[in-house]
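If you read the sequence from its start, that first residue is 1, and numbering goes on from there. From a predicted model like this one, the values you see are computed outputs, not experimental measurements.
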Amino acid sequence: MNIVRAKDYQDMSKKAAGIIASQIIMKPNCVLGLATGSTPIGAYENLVEWYQNGDLDFSKVSSVNLDEYRGITRENDQSYYYFMNKNLFGKVNIDKANTHLPDGMESDSDKACSDYNKAIEAVGGIDLQLLGLGHNGHIGFNEPSEEFVPDTHCVDLAPSTIEANKRFFASYDDVPKQAYTMGIRNIMLARKVLVVVSGEDKAAIVRDAFFGPITPKVQASVLQLHPNVTLVADEAALSLI
Ligand code: GLP
């Protein structure tokens, strides 16, 4: 694993955006696996700025996002669809037809998941998968478990995840309790993986995920088996390693 040490959140965001930008420059028709959460927002801001300066072209890029809440509409400002449009898709020249997220409003979960696996296959797999890291080691919404679930599936969110995400909702009760997420095989098949982590509150999980035993109880630990992972983290997040 390649560890890129950043000074702070700003620096982490710029370094991560640099890796994504070089992927786009080297392969203009690349497939980006994209992530939500607060951590990647700064990286998206850098990408938007470089696009606006004429240094990046998203016209041939395709994307597949990691996950989506189940049961909220795309128009809901808490949906990951809305997040991606607000932070990236709506601000660059990516063709919306080439952007993909699980369909949170598909109530038939088998159909939602198999459609999404097909969508990932149809774009030819993922060149670069961007990942944030949950406090409990989740990637996408692959929560601590007794197993690694290979493909896209419907998950019951862990109480700690609902607690962590409630800051974006009016109350705990408003947070969706389920989500559709790519599985571990979908993520591990990405040709490159870029993990972004910031803040002292993530230091313990960075240590456990990347330097502890490989276990489904810490889903991100499986990334230790991936041949091309770059972790871009700030000093605070790296303070325990
Ligand atoms: C969410 C997302 C993850 C994200 C994680 C961490 O629940 N499903 O993809 O990586 O939480 O979020 P944050 O970056 O806000 O800490």
Side-chain angles (χ1 to χ4, degrees), residues 16 19-20 23 30-41 43-44 47 61-72 74 78-89 94 98-104 106 109 112-145 148-158 161-162 164-165 168 176 178-197 202 205 209 216 218-223 226 229-232:
I19 293 170
I20 301 167
Q23 173 69 66
C30 65
V31 178
L32 298 178
L34 296 175
T36 55
S38 51
T39 314
I41 291 177
Y44 293 150
L47 293 175
V61 172
S62 301
S63 70
V64 283
N65 258 76
L66 280 169
D67 46 15
E68 178 59 282
Y69 287 119
R70 186 179 188 204
I72 59 178
R74 293 184 151 190
Q78 294 308 329
S79 75
Y80 285 167
Y81 180 90
Y82 189 98
F83 174 103
M84 290 309 303
N85 276 304
K86 178 170 164 233
N87 291 294
L88 188 67
F89 301 157
I94 197 165
N98 294 334
T99 66
H100 307 275
L101 287 94
D103 181 358
E106 174 57 71
S109 79
C113 296
S114 79
D115 283 354
Y116 203 58
N117 288 327
K118 283 182 205 142
I120 299 168
E121 242 174 68
V123 293
I126 301 162
D127 289 303
L128 175 66
Q129 177 65 57
L130 175 63
L131 294 175
L133 186 62
H135 287 100
N136 60 8
H138 73 217
I139 46 178
F141 269 132
N142 291 276
E143 297 282 29
S145 159
F148 292 114
V149 181
D151 295 314
T152 307
H153 56 289
C154 180
V155 280
D156 293 330
L157 300 180
T161 300
I162 298 171
N165 289 353
F168 303 113
Q178 288 188 314
Y180 294 128
T181 183
M182 275 188 204
I184 293 300
R185 193 181 75 99
N186 299 126
I187 294 169
M188 290 294 278
L189 282 174
R191 294 178 265 281
K192 278 173 256 162
V193 174
L194 168 61
V195 189
V196 287
V197 195
K202 296 272 178 81
I205 196 63
V218 180
Q219 294 272 318
S221 65
V222 76
L223 297 172
H226 192 284
V229 176
T230 301
L231 167 65
V232 182

Calculate, to the nearest 0.5 Å, the distance between atoms [atom1] and [atom2] belonging to [X] and [Y] respectively.
| X | Y | atom1 | atom2 | value |
| --- | --- | --- | --- | --- |
| Asp156 | Ile162 | CG | CD1 | 8.5 Å |
| Leu34 | Phe89 | CG | CZ | 5.5 Å |
| Met182 | Asp67 | CE | CG | 8.5 Å |
| Leu47 | Asn87 | CG | CG | 11.0 Å |
| Asp103 | Arg74 | CG | CZ | 6.0 Å |
| Leu223 | Leu131 | CG | CG | 6.0 Å |

[X] side chain to [Y] backbone, donor-acceptor under 3.5 Å:
| X | Y | answer |
| --- | --- | --- |
| His138 | Leu157 | no |
| Gln23 | Leu32 | no |
| Tyr180 | Leu101 | no |
| Asp151 | Gly183 | no |
| Gln178 | Cys154 | no |
| Asn117 | Thr152 | yes |
| Glu143 | Ala158 | yes |

Search all heavy atoms of [X] against all heavy atoms of [Y] and return the closest pair with its distance.
| X | Y | result |
| --- | --- | --- |
| Leu133 | Ala220 | CD1-CB, 3.4 Å |
| Val193 | Ile187 | CG2-O, 4.2 Å |
| Ile41 | Gly37 | CG1-O, 3.8 Å |
| Met188 | Val222 | CE-O, 3.4 Å |
| His153 | Cys113 | CA-SG, 3.4 Å |
| Ile139 | Gly132 | CG2-O, 3.8 Å |

Please examine the side chains of [Y] and [X], heavy atoms only from C-beta on, and report whether any two atoms are closer than 4.5 Å.
| X | Y | answer |
| --- | --- | --- |
| Gln219 | Ser145 | yes |
| Ile126 | Leu189 | no |
| Ile205 | Val218 | yes |
| Arg70 | Val155 | no |
| Met84 | Thr99 | no |
| Tyr81 | Asn65 | no |
| Val61 | Cys30 | yes |
| Lys202 | Thr39 | yes |

Evaluate side chain to side chain contact (heavy atoms under 4.5 Å, CB included) for Leu66 paired with Gln129, printing each intermediate quantity in order.
CA-CA 9 Å; Leu66 280 169; Gln129 177 65 57; 3.4 Å; yes
For the pair Tyr80 and Phe141, name the ring-plane relationship: parallel under 30°, tilted 30 to 60°, perpendicular over 60°.
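Ring orientation of Tyr80 relative to Phe141: parallel.
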Are Phe148 and Asn142 close enough, and set up right, to give a side chain to side chain contact (heavy atoms under 4.5 Å, CB included), and what steps lead you there?
CA-CA 8 Å; Phe148 292 114; Asn142 291 276; over 6 Å; no
